[in-house]
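Take a look at the structure set out below.
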2 protein chains.
Amino acid sequence: MTRRTSRAARDADAVFDALGDPTRRAIVKILAGGPRPVGVIADALPVTRPAVSKHLAILRRAELVTARRDGTQHIFRLHPPGFAAARRWLDGFWDEALARFAELAEGDGG
Amino acid sequence: MTRRTSRAARDADAVFDALGDPTRRAIVKILAGGPRPVGVIADALPVTRPAVSKHLAILRRAELVTARRDGTQHIFRLHPPGFAAARRWLDGFWDEALARFAELAEGDGG
DNA sequence: GTCATGAGTAACCAATGAGTTACATGGGCG
DNA sequence: CGCCCATGTAACTCATTGGTTACTCATGAC
C-alpha cells in the first residue's frame, strides 16, 4: 500500500543495478538465444565459471533469470517479468520527458 | 545499419551503464519533474555539487539529458531519445524471452 | 574593471565489486 | 560406496569509480 516507490521502483532498482554491468548484459544476450547451463555461458565469455556463477546469482535476485536443475547442470533462462519492471520504470520517464519535449519542440539535433 | 551490434547496442550500453548508479537514477527521477539547474538537483540529493556535476556529465554522454545555459546556470532536462535506446534494447530480450516463456508456459511464481 | 554567483575540473581518498584461485557441495554412474 | 562432473562458495586481490575538497572558469551585476 501506498509504498508507491516500492515494488516497481525496488524491482527496477535491482534490475538496473544488475544490468549496469557489461558482463551481465553479455550473459543476458547469450540467454536471449535460449536456456543454457552455466558452463556453456562461461565458455562464451572471457571470464571464469565462478565469476559467471556470481553474476547469475545477481541476475536471479533481480528476477531477470530463473534456473532449473537438469541432472548436475543448472539451466538458466530469461525471466520476462523482470524485464517488464525495467520497462515500466523507463516508460515513466519516457512519458514525462516526452510530454515536456513535445511542449518545447526543440529539435536540438537529436 | 549492417553493424548489428552497433548503434542501438552501443547506445544502450552507455545508457545502462549510466543508469547502473543509484545516484544517477535519482537525478533522472528529479529531472522527470522538469528541467532544473545543477544546484537545485544537488540540493535534493545527499551529495555535493561537484559529484552531481560529474554524474550529469555521464548522463549527458549517454544522451539521457541535455543542458542549456540560462545566465550562470546550467539547466538540465531529460532527453527522450536516450531512453528510447534503452527501451529498444530491453524490448529485444522481452520479445525473445516472452516467446520462449509462452512456449514453456511455466508459471514459476511470477 | 571588480566582485559575486553558479558550474565544471583536478587531485585525491576510500569503498565497492568484479575477477581470480582453491575448496565445498550435490547429483549421477560404475 | 567411491569417483567424477557441473556448480556454488570462500577468501582475497586489484581496478574502478563515486565522493570529497580546493581551485578555476564563465557570466552577470554594479
Side-chain angles (χ1 to χ4, degrees), chain A residues 10 12-31 33-79 82 108, chain B residues 10 12-31 33-79 82 108:
Chain A
R10 201 156 45 74
D13 230 60
V15 169
F16 281 101
D17 224 53
L19 258 26
D21 179 80
T23 300
R24 285 194 286 270
R25 286 197 294 273
I27 290 176
V28 168
K29 274 183 216 165
I30 290 170
L31 290 181
R36 283 176 175 63
V38 180
V40 171
I41 298 172
D43 267 6
L45 293 170
V47 296
T48 58
R49 260 185 297 247
V52 171
S53 223
K54 283 199 278 186
H55 283 306
L56 284 169
I58 291 170
L59 287 170
R60 180 145 60 171
R61 250 177 271 130
E63 297 184 58
L64 285 167
V65 305
T66 57
R68 95 183 144 80
R69 307 197 65 125
D70 178 37
T72 66
Q73 302 188 104
H74 290 198
I75 312 291
F76 284 80
R77 63 186 168 76
L78 295 185
H79 184 63
D108 68 3
Chain B
R10 199 155 46 74
D13 230 60
V15 169
F16 281 101
D17 224 52
L19 258 27
D21 178 78
T23 300
R24 285 194 286 270
R25 285 197 294 273
I27 290 176
V28 167
K29 273 183 216 164
I30 290 170
L31 289 180
R36 282 175 176 60
V38 179
V40 171
I41 298 171
D43 267 6
L45 293 171
V47 296
T48 59
R49 257 184 297 248
V52 171
S53 224
K54 283 199 277 185
H55 283 306
L56 284 169
I58 291 170
L59 287 171
R60 182 146 60 170
R61 252 177 268 128
E63 297 184 59
L64 285 167
V65 305
T66 57
R68 98 185 142 77
R69 304 198 66 123
D70 178 37
T72 65
Q73 304 188 110
H74 290 198
I75 312 291
F76 283 80
R77 63 184 167 76
L78 294 186
H79 185 63
D108 69 1

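The figures that follow rest on heavy atoms only: side chains count, while hydrogens, waters and symmetry mates do not. Chain letters run A, B, ... following the sequence lines, proteins first, then strands; residues in each count from 1. Small disclaimer: the values here were computed from a predicted structure and weren't measured.
- When the side-chain nitrogen and oxygen atoms of Arg49(B) are compared with OP1 and OP2 of dG19(D), none of them lie within a distance under 4.0 Å.
- Side chain of Arg24(B) to backbone of Ala18(B): a donor-acceptor contact under 3.5 angstrom is found.
- Looking at the side chain of Val47(B), the nearest of the listed nucleotides dA6(D), dT20(D), dT21(C) is dT20(D).
- Proximity note for Arg69(A) (side chain, C-beta onward) versus dG26(C), dG18(D), dT7(D): the nearest is dG26(C).
- The side chain of His74(A) places an N or O atom within less than 4.0 Å of a non-bridging phosphate oxygen (OP1 or OP2) of dG8(D).
- Distance, Ile27(A) CD1 to dT7(D) P: 13 Å, rounded to whole Å.
- Atom-to-atom, CD1 of Ile41(A) to P of dA6(D) comes out at 14 Å; the value is rounded to the nearest Å.
- Spacing between atom CG of Leu56(B) and atom C1' of dG6(C) amounts to 13 Å, rounded to whole angstrom units.
- A sub-4.0 Å separation between OP1 or OP2 of dA18(C) and a side-chain N or O of Thr23(A) is absent.
- Each of Asp70(B) and Ala67(A) has a nearest nucleotide on DNA chain D; the 5'-most of these lies closest to Ala67(A).
- Residues Ile27(A) and Val65(A) have side chains not in contact (no heavy-atom distance under 4.5 Å, counting atoms from C-beta outward).
- Classification of Asp17(A) and Arg61(A) as a salt-bridged pair fails, no side-chain N sitting under 4.0 Å from a carboxylate O.
- A distance-only check finds a donor-acceptor pair linking the side chain of Arg36(B) to the backbone of Gly34(B) [under 3.5 Å].
- Out of dT9(C), dT20(C), dT7(D), the shortest distance to the side chain of Pro50(B) is found at dT9(C).
- Computed from coordinates, the Asp21(A) CG to dG18(D) C1' distance equals 16 Å when rounded to whole Å.
- The only option from Val15(A), Leu56(A), Ile58(A), Leu31(A) that meets the side-chain contact (heavy atoms from CB on, under 4.5 Å) definition with Leu64(A) turns out to be Val15(A).
- Atom CG in Asp17(A) sits roughly 13 Å away from atom P in dT16(C) (whole-Å rounding).
- If you take CZ of Arg61(B) and C1' of dG8(C), they are 12 Å apart, rounded to a whole angstrom.
- In terms of position on DNA chain C, the residue among Ile58(A) and Thr72(A) whose nearest nucleotide sits closer to the 5' end is Ile58(A).
- Judged by distance alone with a 3.5 Å cut-off, no donor-acceptor contact links the side chain of Lys54(A) to the base of dG17(C).
- Between the CZ atom of Arg24(B) and the P atom of dT16(D) there is a distance of 16 Å, rounded to whole Å.
- Of the candidate nucleotides dT20(C), dT7(D), dA7(C), dT7(D) has the atom lying nearest to any side-chain atom of Pro37(A).
- Nucleotide dT7(D) holds its P atom 5 Å from the CD atom of Gln73(A), rounded to whole Å.
- Phosphate contact (OP1/OP2 of dG8(C), side-chain N/O of Ser53(B), threshold under 4.0 Å): present.
- Comparing Phe76(B) and His55(A), the nucleotide of DNA chain C nearest to each residue sits closer to the 5' end for Phe76(B).
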